[in-house]
Amino acid sequence: MLTVRHFFALTGIRIKNWSVYRFDFFASIMGMIFPIIGLSLYWLDTLKYNTEVEGFVFTSKTIIVYYIIVFAIDMLFSYELAFSVEEDIATGKMNAYLILPCNYITVKLSEFFAGNLLSFSLLFVLILFISLTPFISISLCSIALFFLFVALGLLFHFTYILTLGLLTVWLKNVNGMLYFLQTITGLLAGTVIPLNMLPEKMQWLVWNPFSLSVFFPSQIIFTGSASLSAFLILGLWCFVAYIVYRAVLSRALKKYQAFGG
């Protein structure tokens with residue numbers, strides 16, 4: 001019960017701190033809008049000359065909706081948490097967290113939850129709005145499955161990003177690595193190219209955790225169905241990410257010093 005109280009108390013503090021930086025949020029919104037416009041125009045033009053694209057479930061009416069959905073989901077998976085962990089290590093703040101009556105992962109989970117609360121709320125409103133449009137017919141069951149996948153995807157990304165932040169103990173600065181990984185994971189998640197357009201020999205890539213967190217939920221909105229195996233595999237990825245986190249944390253604490261490794 002003490003840990004639960006700490007979690008909600010820390011979450012409230014993080015929400016207040018986050019609200020101070022509203023400009024960052026609106027800047028991130030603009031950073032989402034421009035890629036959506038560019039990619040949508042590209043695929044609208046492509047579909048104009050290629051009316052039949054095998055495995056591509058979208059039409060000229062729904063391609064824009066696809067990019068809006070995947071970029072809205074991808075907004076939840078920012079790397080701000082990794083920079084926060086980097087700061088904790090570089091400034092020696094982690095010392096205080098290690099002696100608190102709640103563990104470090106609880107503190108960071110509250111920070112991650114609070115930082116994504118508004119984005120998640122906007123995603124919820126967006127999906128409800130899309131469900132009212134004539135382009136796509138979405139059932140309540142599909143919406144529930146969609147957010148179930150997104151929630152599990154959030155859990156994976158929290159653990160994954162937290163682990164990346166801990167690498168600061170060895171690397172001192174993870175900025176370059178994070179920007180590189182953000183580009184790679186964007187490709188793997190389907191935010192650039194819908195993954196069902198990949199060549200048949202590369203279809204195995206759809207089972208990566210980033211695709212399962214972004215591309216698969218978007219498919220639920222368009223098809224109205226979800227794969228149980230995909231959900232179980234994403235759950236397995238969450239377990240693997242947590243095992244890796246525990247291993248990295250154990251080694252990081254042995255290396256950790258007040259001002260970094």
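Source: prediction; values computed, not measured.
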inquiry  = Assess the residue pair Glu87 and Thr168 against the criterion (side-chain contact (heavy atoms from CB on, under 4.5 Å)); give the C-alpha distance rounded to whole Å, side-chain angles, the decisive distance to 0.1 Å, and a yes or no.
reply    = CA-CA 9 Å; Glu87 181 183 357; Thr168 307; over 6 Å; no
query = Side-chain contact, heavy-atom cut-off 4.5 Å: Ile143 with Leu128?
reply = yes
Solution key, residues 146-165 side-chain donor-acceptor pairs under 3.5 Å, sequence neighbours excluded:
unit_1, atom_1, unit_2, atom_2, d
His157, ND1, Gly153, O, 2.9
Thr159, OG1, Leu155, O, 3.0
Thr163, OG1, Thr159, O, 2.8

ask   = So do the side chains of Phe215 and Ile69 get within less than 4.5 Å of each other, counting heavy atoms only?
value = no
task = Could you tell me the separation between the CD1 atom of Ile68 and the OG atom of Ser218, rounded to the nearest 0.5 Å?
result = 12.5 Å
message = If hydrophobic residues (ILVMFWY) are linked whenever their side-chain heavy atoms come closer than 4.5 Å, directly or via other members, who joins Ile243 in its cluster?
response = Phe239
task = Name all residues meeting the side-chain contact (heavy atoms from CB on, under 4.5 Å) criterion together with Ile233; count only those two or more places apart in sequence or in a different chain, and write none if there are none.
result = Trp207, Leu212, Trp237
query = To the nearest 0.5 Å, how far apart are OG in Ser225 and CD in Gln219?
reply = 9.0 Å
inquiry  = side-chain contact (heavy atoms from CB on, under 4.5 Å) for Phe77 and Thr185? Distances and angles first, verdict last.
reply    = CA-CA 10 Å; Phe77 306 142; Thr185 56; over 6 Å; no
ask   = Got a sec, which residues hit side-chain contact (heavy atoms from CB on, under 4.5 Å) with Leu232, two or more places apart in sequence or on another chain?
value = Leu228
message = I'd like to know if the side chain of Thr191 reaches the main chain of Gly186, judged simply by a donor and an acceptor atom lying under 3.5 Å from each other, with no hydrogens or angles considered.
response = yes
ask   = Is any side-chain heavy atom of Leu145 less than 4.5 Å from a side-chain heavy atom of Phe216?
value = no
ask   = Going from OG on Ser121 to CG on Asn116, what distance comes out if it is rounded to the nearest 0.5 angstrom?
value = 10.5 Å
Side chains of Leu205 and Ser211 in contact at under 4.5 Å (non-hydrogen atoms) = no
inquiry  = Would you say Val65 ends up clustered with Leu132 if hydrophobic residues are merged whenever their side chains have heavy atoms under 4.5 Å apart, either directly or through other cluster members?
reply    = no
key: Whether Ser84 side chain and Glu80 backbone form a donor-acceptor pair below 3.5 Å   = no
query = Under 4.5 Å between any side-chain heavy atoms of Trp170 and Leu167, yes or no?
reply = yes
ask   = What's the spacing between Asp88 CG and Glu86 CD if we round to 0.5 Å?
value = 10.0 Å
task = Supply the atom-to-atom distance Leu234 CG to Phe210 CZ, rounded to the nearest 0.5 angstrom.
result = 11.0 Å
remark   = Residues passing the side-chain hydrogen bond (donor to acceptor under 3.5 Å, both in side chains) test with Ser142, sequence neighbours excluded, are Ser139
request  = Mind checking side-chain contact (heavy atoms from CB on, under 4.5 Å) for Thr183 and listing every partner two or more places apart, or none if nothing turns up?
outcome  = none
message = Are Val125 and Met75 linked, directly or through intermediate hydrophobic residues, by side-chain heavy-atom contacts shorter than 4.5 Å (ILVMFWY only)?
response = no
ask   = Can you tell me if CZ on Phe83 sees more than 12 non-hydrogen neighbours from other groups inside 6.0 Å?
value = yes
inquiry  = I need the minimum non-hydrogen distance between Pro217 and Ile73, along with the two atoms involved.
reply    = CB-CD1, 4.0 Å
remark   = Hits for side-chain hydrogen bond (donor to acceptor under 3.5 Å, both in side chains) against Ser250, two or more places apart or cross-chain, chain-then-number order -> none
query = Would you say Pro194 and Tyr67 make side-chain contact, with heavy atoms under 4.5 Å?
reply = yes
task = Tell me whether Phe129 is reachable from Leu76 by hopping between hydrophobic residues (I, L, V, M, F, W, Y) whose side-chain heavy atoms are closer than 4.5 Å.
result = no
ask   = Backbone N or O of Leu166 within a donor-acceptor pair of the Tyr245 side chain at under 3.5 Å?
value = no
query = Between Asp74 (side chain) and Val70 (backbone), is there a donor-acceptor pair under 3.5 Å?
reply = no
note = One should read off an interatomic distance between Ile221 CD1 and Ile127 CD1, to the nearest 0.5 angstrom, of 4.5 Å
